[in-house]
Every structure is written in C-alpha cells, then in structure tokens.
**Q** 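One structure, as structure tokens, below. Some questions next.
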Amino acid sequence: MEMSAQYTSFVAVGDSFTEGMSDALPDGSYRGWADLLAARLAARTPGFRYANLAVRGKLIGQIAEDQAPAAAAMGADLVTLVGGLNDVLRPKCDVARVCALLEEAAARLAPSCKQLVLMRSPGRQGPVLERFRPRMEILFDHIDDVARRHGALVVDLYGSASLGDPRLWADDRLHLTAEGHERVAEAVWQALGLPPEAEWDAPLPPPVPPGWVARRTADARFARTHLLPWIGRRLTGRSSGDGRPPKRPELLPYEPGGPSAS
C-alpha cells in the first residue's frame with residue numbers, strides 16, 4: 001500500500017452498515033462511515049467523486065450480482081466491500097457459499113481499482129453475538145484469505161473492544177450510532193495510510209449499569225419496534241431493502257448534503 005495515497009474517487013459496496021444506518025440526519029436520511037470518509041477524502045482532493053451502492057438488507061449474493069459489477073465498471077481508485085453478515089445472521093446459512101460469493105465479488109472489484117478495502121465487521125457484545133460468533137469468525141477468517149489473494153486491505157473492526165460496546169449501537173441493536181460510524185471512518189482512514197485525526201478504538205468511559213426496570217423497558221421497546229418486524233420480514237421472505245435504490249448510484253463529484261436514502 002502506498003502511504004498517504006491520493007484517491008480521486010471512491011465507491012462503497014454493501015448493505016445497511018455501508019448505507020449508514022443508524023447515523024440519522026435531521027431530514028431522516030442516513031449518513032454513515034462511508035459518507036464521512038468520502039467527505040474527508042474530498043476535502044483533500046479537488047474534483048473528488050463518490051458513489052455509494054449499498055442498500056440495507058442485501059445478502060452477499062445480491063451484492064456480488066448487482067453491486068460489484070456496477071462498481072467495477074466505474075473504475076474508482078478506492079472501493080470498499082462489506083457484506084455477508086445479513087447471511088450469517090439468518091437461521092439457515094450456507095457459510096461456505098457466503099464465503100465463495102464474497103470471493104467472487106472481490107475478484108470482480110480488485111482489478112478495477114487502485115485499492116480494495118474489506119472489513120471484519122464489528123459485533124455488539126451480548127447473547128446475539130455469542131450465538132452467531134462461530135459463523136462470523138469463519139467468514140472473517142475467509143476475508144483475510146481473500147485479501148491476501150487480491151491485494152486488499154482488511155480493517156479489523158471485529159477485534160475492537162470499543163465498537164463492541166452496546167453504547168455505540170442504536171436501539172435496534174444491529175446498527176452503529178453516529179459515534180460508532182465516526183470511529184469506523186477513522187479506522188478506514190488510518191488503514192489507508194492517512195494521518196490520524198483521532199484514536200478510533202479509544203475505550204469509552206466506565207458504564208453506569210442501568211437498573212432492572214430500565215433494562216426491561218428497553219428490551220420490551222426493542223422487541224416491539226425492531227425484533228418483531230424483523231421476524232415478520234423473515235417469515236414472509238421480505239427485506240427492508242426491497243425496491244430501495246442505492247443512496248448514491250452514480251460516481252459523481254462529492255457534494256456535502258448530496259443525495260442519500262432515508
């Protein structure tokens with residue numbers, strides 16, 4: 001990797017993590033780490049161009065089939081590929097097939113860009129992570145292998161203690177808060193060899209444990225607002241991203257506050 005390389009264009013590929021949920025803006029749209037990274041790269045490169053093809057709920061097969069070819073055709077300097085977690089979080093998952101599809105997407109993208117970036121995604125501490133940890137770690141080990149074969153960088157967010165802290169996760173317990181996304185943007189920025197602006201994995205202050213009533217209230221709100229709708233979509237074969245277009249489908253000059261998806 002060339003340290004402090006000059007990137008003139010960036011395409012982000014993936015699911016809700018890269019779309020930016022749940023880093024909500026006042027207008028109801030989402031910002032997220034990819035938008036934050038694009039803004040920082042644009043500030044140092046006149047004419048910088050950015051596209052974000054990520055759509056919430058997408059499985060790795062959809063990313064490999066729909067997003068990867070489109071991103072490769074754009075010929076951007078920098079491409080990020082994050083996917084597979086929506087697959088491994090489902091009750092029935094062929095992890096070997098998920099790994100193969102991730103490899104397929106990386107093989108399509110790597111020759112098209114100056115630098116491909118993969119990620120070992122963060123995991124929120126708690127029982128859900130423990131249940132799916134074996135699958136996640138198979139996927140993440142494969143990501144390291146894919147990176148070696150295709151000359152990609154790997155940003156290890158899974159190994160971050162701070163990004164596992166529940167305080168950096170939104171009420172849905174699936175997506176990062178604004179601060180979480182800011183830390184991810186800084187982690188990618190540093191992985192690209194650019195000058196650090198913060199310590200992205202700095203520990204949070206010691207937590208103040210919530211009382212029993214507060215915990216039960218939060219659990220009930222989570223189940224009503226997020227868990228039951230998620231189960232309903234799984235039972236009916238629907239996705240939160242069905243029919244939703246990418247937030248930035250074309251590689252165009254970056255403009256703060258440009259088009260995004262709510």
**Q** Where is the tightest heavy-atom contact between T177 and A170, given as atom of each residue plus distance?
**A**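 Taking T177 first and A170 second, the nearest heavy atoms are CG2-N, 3.7 Å.
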**Q** More than 12 foreign heavy atoms under 6.0 Å from CZ of R97: is that the case here?
**A**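 No.
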**Q** Would you say R44 and L194 make side-chain contact, with heavy atoms under 4.5 Å?
**A**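 With C-beta onward as the side chain, the pair touches.
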**Q** Hey, could you give me the CD/CG distance between Q115 and L109, rounded to the nearest 0.5 Å?
**A**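 Output value for this atom pair is 12.5 Å.
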**Q** Compute whether any side-chain donor of one residue and acceptor of the other, for D35 and Y30, lie under 3.5 angstrom apart.
**A**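 No, no side-chain donor-acceptor contact under 3.5 Å.
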**Q** Looking only at atom types and distance, does a side-chain atom of N52 sit under 3.5 Å from a main-chain N or O of R248, one as donor and one as acceptor?
**A**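 No, the answer is negative, given that no donor and acceptor are paired below the 3.5 Å cut-off.
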**Q** Only one of L118, L81, D141, L116 forms a side-chain contact (heavy atoms from CB on, under 4.5 Å) with V146, so which one is it?
**A**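 Going through the options one by one, the only one that passes is L118.
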**Q** Measuring from atom OG of S22 to atom CH2 of W169, what distance do you get when rounded to the nearest 0.5 angstrom?
**A**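 Separation between the atoms: 10.0 Å.
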**Q** How about T80 and W33: do any of their side-chain heavy atoms sit closer than 4.5 Å?
**A**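 When only atoms from C-beta onward are counted, W33 and T80 do touch, with a gap below 4.5 Å.
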**Q** Sequence neighbours left out, what passes salt bridge (Lys or Arg N to Asp or Glu O under 4.0 Å) with R31? Give chain and number order.
**A**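 Expected list: D23, E182.
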**Q** Look at the side chain of R135 and the backbone N and O of V88, then say whether any donor-acceptor pair between them is shorter than 3.5 Å.
**A**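 It does hold such a pair.
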**Q** Taking atom CZ of F132 and atom CG of L89, what is their separation to the nearest 0.5 Å?
**A**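 The CG atom of L89 is 5.5 Å from CZ of F132, to the nearest 0.5 Å.
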**Q** Indicate yes or no: at least one non-hydrogen side-chain atom of E104 is less than 4.5 angstrom from one of E65.
**A**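 No, every pair of side-chain atoms sits at 4.5 Å or beyond.
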**Q** Below 4.0 angstrom, N of the basic side chain to O of the carboxylate: do E179 and R183 qualify?
**A**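 Judged by the 4.0 Å cut-off on N to carboxylate O distance, E179 and R183 do form a salt bridge.
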**Q** Which atoms form the tightest heavy-atom contact between L204 and S162, and what is the distance?
**A**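 The answer is CD1-CB, 4.1 Å.
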**Q** Could you check whether any side-chain N or O of H181 sits under 3.5 Å from a backbone N or O of M21, counting only pairs where one atom can act as donor and the other as acceptor?
**A**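 Present.
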**Q** Hey, could you give me the CG/CZ distance between L174 and R56, rounded to the nearest 0.5 Å?
**A**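 Output value for this atom pair is 12.5 Å.
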**Q** Is V184 reachable from W189 through a run of hydrophobic residues whose side-chain heavy atoms are each under 4.5 Å from the next?
**A**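 They do share one cluster, since a chain of ILVMFWY contacts under 4.5 Å joins W189 to V184.
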**Q** Would you check if the side chain of K247 reaches a backbone N or O of E19 as a donor-acceptor pair within less than 3.5 Å?
**A**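 Pair found, side chain donor or acceptor close to backbone of E19.
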**Q** Is the shortest side-chain heavy-atom distance between V188 and M119 below 4.5 Å?
**A**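 Touching, per the 4.5 Å side-chain cut-off.
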**Q** So do R149 and E103 actually touch side chain to side chain, heavy atoms under 4.5 Å?
**A**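 Touching, per the 4.5 Å side-chain cut-off.
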**Q** Determine the minimum heavy-atom distance between T18 and A12, stating which atoms define it.
**A**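 So the two residues come closest at CG2-CB, 3.5 Å.
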**Q** Report the C-alpha separation of L85 and F17 in whole Å, then their side-chain angles, then the decisive distance to 0.1 Å, and conclude whether the side chain to side chain contact (heavy atoms under 4.5 Å, CB included) test is met.
**A** CA-CA 10 Å; L85 275 189; F17 174 66; over 6 Å; no
**Q** Let me know which of D15, I60, L101, L139 forms a side-chain contact (heavy atoms from CB on, under 4.5 Å) with D87.
**A**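 In the set D15, I60, L101, L139, the residue that makes a side-chain contact (heavy atoms from CB on, under 4.5 Å) with D87 is I60.
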**Q** Measure the spacing between CG of L78 and OG of S9 and express it to the nearest 0.5 Å.
**A**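 Output value for this atom pair is 8.0 Å.
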**Q** Going hydrophobic residue to hydrophobic residue with side-chain gaps under 4.5 angstrom, can you get from L53 over to L252?
**A**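 No: no chain of side-chain contacts under 4.5 Å links L53 to L252.
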**Q** Should L59 and V82 be regarded as members of a common hydrophobic cluster, given that ILVMFWY residues are connected when their side-chain heavy atoms come within less than 4.5 Å of each other, either directly or indirectly?
**A**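 No, it is not one cluster - the side chains of L59 and V82 are not joined through contacts under 4.5 Å.
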**Q** Using only atom types and a distance under 3.5 Å, with no angle test, would you say the side chain of D77 pairs donor to acceptor with the backbone of K114?
**A**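 Not a single qualifying donor-acceptor pair exists.
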**Q** Can L36 be reached from L153 by stepping across I, L, V, M, F, W or Y side chains whose heavy atoms are under 4.5 Å apart?
**A**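 No.
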**Q** Does this structure show an ion pair linking R40 with E186, if we count only N-O contacts that are shorter than 4.0 Å?
**A**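 Looking at E186 together with R40, the answer is yes, because their closest N to O distance falls below 4.0 Å.
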**Q** Quick one: OH on Y7 to CZ on F48, what's the gap to the nearest 0.5 Å?
**A**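 Rounded to the nearest 0.5 Å, the OH-CZ separation comes out at 10.5 Å.
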**Q** What are the two closest non-hydrogen atoms of H142 and C99, and how far apart are they?
**A**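 For H142 and C99, the tightest heavy-atom pair comes out as NE2-O, 2.8 Å.
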**Q** Applying side chain to side chain contact (heavy atoms under 4.5 Å, CB included) to M74 and R49, what does each step give before you reach the verdict?
**A** CA-CA 11 Å; M74 293 178 181; R49 296 176 299 151; over 6 Å; no
**Q** I need the minimum non-hydrogen distance between P122 and L163, along with the two atoms involved.
**A**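 For P122 and L163, the tightest heavy-atom pair comes out as CB-CB, 4.0 Å.
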**Q** I'd like to know if the side chain of Q190 reaches the main chain of A198, judged simply by a donor and an acceptor atom lying under 3.5 Å from each other, with no hydrogens or angles considered.
**A**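 Present.
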**Q** Tell me if the CZ atom of R133 is crowded by more than 12 foreign heavy atoms within 6.0 Å.
**A**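 Buried by this count: over 12 neighbours within 6.0 Å.
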**Q** When clusters are formed from ILVMFWY side-chain contacts under 4.5 Å, directly or step by step, what else is grouped with I138?
**A**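 Once heavy-atom contacts under 4.5 Å are chained together, I138 belongs with V95.
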**Q** Please answer: with hydrophobic residues joined when any side-chain heavy atoms are less than 4.5 Å apart, are L192 and W200 in the same cluster?
**A**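 Shared cluster, yes.
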**Q** Return the minimal non-hydrogen interatomic distance between D144 and R120, and the atom names on each side.
**A**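 Between these two residues, the closest heavy atoms are OD2-NH1, 3.3 Å.
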